[in-house]
Amino acid sequence: MAVAAAATEPLAQFRPSAVTSEFGVVSEVEFSTPLLELEPGSLAHHLPHAMKDYRFAEPVWVIGYRTEVLDAQGKASLANYLCHTFFGDQRVVQRQDQEMLAVYSDHYTPEVRLPQGLGIRLTPEENLHWMPMFNNRDADPTRVAMKVTLWVIREKDARKPLRRIYSTLRSVQVPHLYFVPPGRDEKQMTFQAPFDGRIHFLGIHIHPYGESMELYNTTRQERVWKGRPREVYSSAEGYPVRAGETYRITAVYENPTKAPIDAMAGLFLFYSRQ
C-alpha cells in the first residue's frame, strides 16, 4: 500500500523576540517533535514520523537558532541525546558537495547567532525539510522530544539590507558515522572550493571524545580555523575563498576507553558568494 506524503506545515506563527538586531525587528518561530522513544544503543537515529516539511508564509532572513532536547516532563535534558539536526531547503544525503539554505545544530553547538548583517533568506517558494537525529548510548530506552527556535527578520521588518549566505557540510568521512578504536585517531579529507566568496561562520559536529577540528587552506599553506567542541568561527568580514583552492579538514579523537566509540566529524560552513 502506498504511503501518503507528509503534509507541508506553514510557518506563520511569528512572535516577538528578546534577540535584537540593528538590521530589523527580530521575531521567533518554533517547531518541535512529539515525545519519541529512543531504543538503547541507537546512533544517528532519525524517526520518519519525527521529520517534518515546512514552508514559510512570507520571505524571512534566518539570523540564528536554538535546538533543545526535552525530557518526558518537558524539561531541558542535560544528557547527550542530540546527535544533530538539519533544517533547510533539501533533504540530507550522504554527500559532500551540497550547497544549501540550511542550518544545523548538535549537542555541543545547540545555539548559533550569525554575524550581524548576514542571514539565510527563505521564501514561500522553498520547500523546507527538518530532520532531527538522536543518540541514546544508555542501556535503557528513553523518551525525549526536540524543539527548535528560529530567530528571523521578516523581510517586511528589515531596516537595512542583509547579505545572503549559504551553507554546506564537509565531513572527514562518508558515511558520516564511523567508529574510533582506543587511543588517538586522526582523519583528514580534502576538497576544492567551488565558489569565490567568504566564509563567515564555522561550526563543528562531533561526538564525545572528539578533541578538535581544523580547516586548513593547503593552496596558501595557512590555517583558516581550528576549534574544539562548543567553539565556533564567526566573522562578519569573513575569510576570503577562491574557487579551485584546496582545503583540508582534520578531525582528532582521543578514545580513553578499551572499546571502539561512535564518531562523526563535520564542519558546517556558512559563506557568502561574490
Side-chain angles (χ1 to χ4, degrees), residues 44 83-84 86 88-90 92-109 112-115 117-118 120 163-255 260-274:
C83 179
H84 63 281
F86 285 93
D89 67 336
Q90 51 198 275
V92 177
V93 294
Q94 297 279 346
R95 284 173 47 185
Q96 296 275 40
D97 59 347
Q98 290 173 281
E99 179 175 85
M100 302 177 283
L101 300 175
V103 300
Y104 93 107
S105 58
D106 80 346
H107 175 75
Y108 300 105
T109 316
V112 165
R113 305 283 183 94
L114 297 175
L118 302 172
I120 300 168
R163 188 173 186 183
R164 188 172 191 175
I165 58 174
Y166 305 84
S167 56
T168 190
L169 174 70
R170 300 284 173 165
S171 176
V172 296
Q173 179 168 308
V174 176
H176 301 312
L177 178 65
Y178 63 99
F179 290 85
V180 171
R184 183 180 176 84
D185 182 85
E186 182 175 303
K187 280 188 168 51
Q188 296 183 338
M189 181 275 295
T190 60
F191 67 94
Q192 285 194 334
F195 63 88
D196 290 336
R198 289 180 176 269
I199 295 172
H200 296 280
F201 191 94
L202 293 170
I204 297 172
H205 173 46
I206 208 161
H207 283 199
Y209 304 117
E211 286 205 339
S212 66
M213 291 196 68
E214 179 187 62
L215 181 63
Y216 189 85
N217 185 327
T218 62
T219 300
R220 298 183 218 165
Q221 293 293 299
E222 64 184 22
R223 176 186 288 171
V224 180
W225 179 74
K226 182 177 181 179
R228 302 175 67 85
R230 296 187 175 88
E231 296 178 344
V232 299
Y233 167 85
S234 182
S235 169
E237 180 182 358
Y239 178 86
V241 175
R242 295 291 176 262
E245 289 181 332
T246 300
Y247 289 82
R248 182 179 68 233
I249 292 177
T250 303
V252 176
Y253 273 77
E254 188 68 50
N255 179 2
I261 57 169
D262 60 276
M264 287 187 178
L267 280 178
F268 207 82
L269 296 87
F270 292 94
Y271 57 91
S272 60
R273 286 181 165 275
Q274 290 181 349

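Keep in mind that this is a model prediction, so the values were computed, not measured.
- Under the rule for a ring-ring contact (aromatic ring centres under 6.0 Å, His included), the partners of Y247 that lie at least two apart in sequence or sit in another chain are F191.
- By the side-chain contact (heavy atoms from CB on, under 4.5 Å) test, T218 pairs with Y216, Q221, T246, R248, sequence neighbours left out.
- With sequence neighbours left out, E214 forms a salt bridge (charged side-chain N to carboxylate O under 4.0 Å, His left out) with R223.
- With sequence neighbours left out, the ring-ring contact (aromatic ring centres under 6.0 Å, His included) criterion links Y253 to no other residue.
- Sorted by first and then second residue, the salt bridge (Lys or Arg N to Asp or Glu O under 4.0 Å) pairs involving residues 262-274 (not counting sequence neighbours) are E99-R273, R137-D262.
- Under the side chain to side chain donor-acceptor pair (under 3.5 Å) criterion, Q192 pairs with no residue, sequence neighbours left out.
- Pairs engaging residues 186-213 under the salt bridge (Lys or Arg N to Asp or Glu O under 4.0 Å) rule: R184-E186, D185-K187 [sequence neighbours left out].
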Run the ring-ring contact (aromatic ring centres under 6.0 Å, His included) test on Y209 and H207 for me, step by step, so that the C-alpha distance in whole Å, both residues' side-chain angles and the decisive distance to 0.1 Å come before the verdict.
CA-CA 6 Å; Y209 304 117; H207 283 199; over 10 Å; no

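- Residues satisfying the ring-ring contact (aromatic ring centres under 6.0 Å, His included) test with Y108, not counting sequence neighbours, are none.
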Side chains of residues 225-233: which donor-acceptor pairs under 3.5 Å do they make with residues two or more places apart or in other chains?
residue: E231; atom: OE1; partner: R228; partner atom: N; Å: 2.7
residue: Y233; atom: OH; partner: Y239; partner atom: N; Å: 3.4

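- F195 meets the ring-ring contact (aromatic ring centres under 6.0 Å, His included) test with Y271; sequence neighbours excluded.
- Panel note: side chain S171, backbone A265; a donor-acceptor pair is recorded below 3.5 Å.
- Of the possible polar contacts, one joining the S167 side chain to the M100 backbone as a donor-acceptor pair under 3.5 Å is found.
- Few gaps surround CD on E222; more than 12 heavy atoms of other groups in view lie less than 6.0 Å from it.
- For E245, the salt bridge (charged side-chain N to carboxylate O under 4.0 Å, His left out) partners are R220, not counting sequence neighbours.
- With sequence neighbours excluded, no residue satisfies side chain to side chain donor-acceptor pair (under 3.5 Å) with S234.
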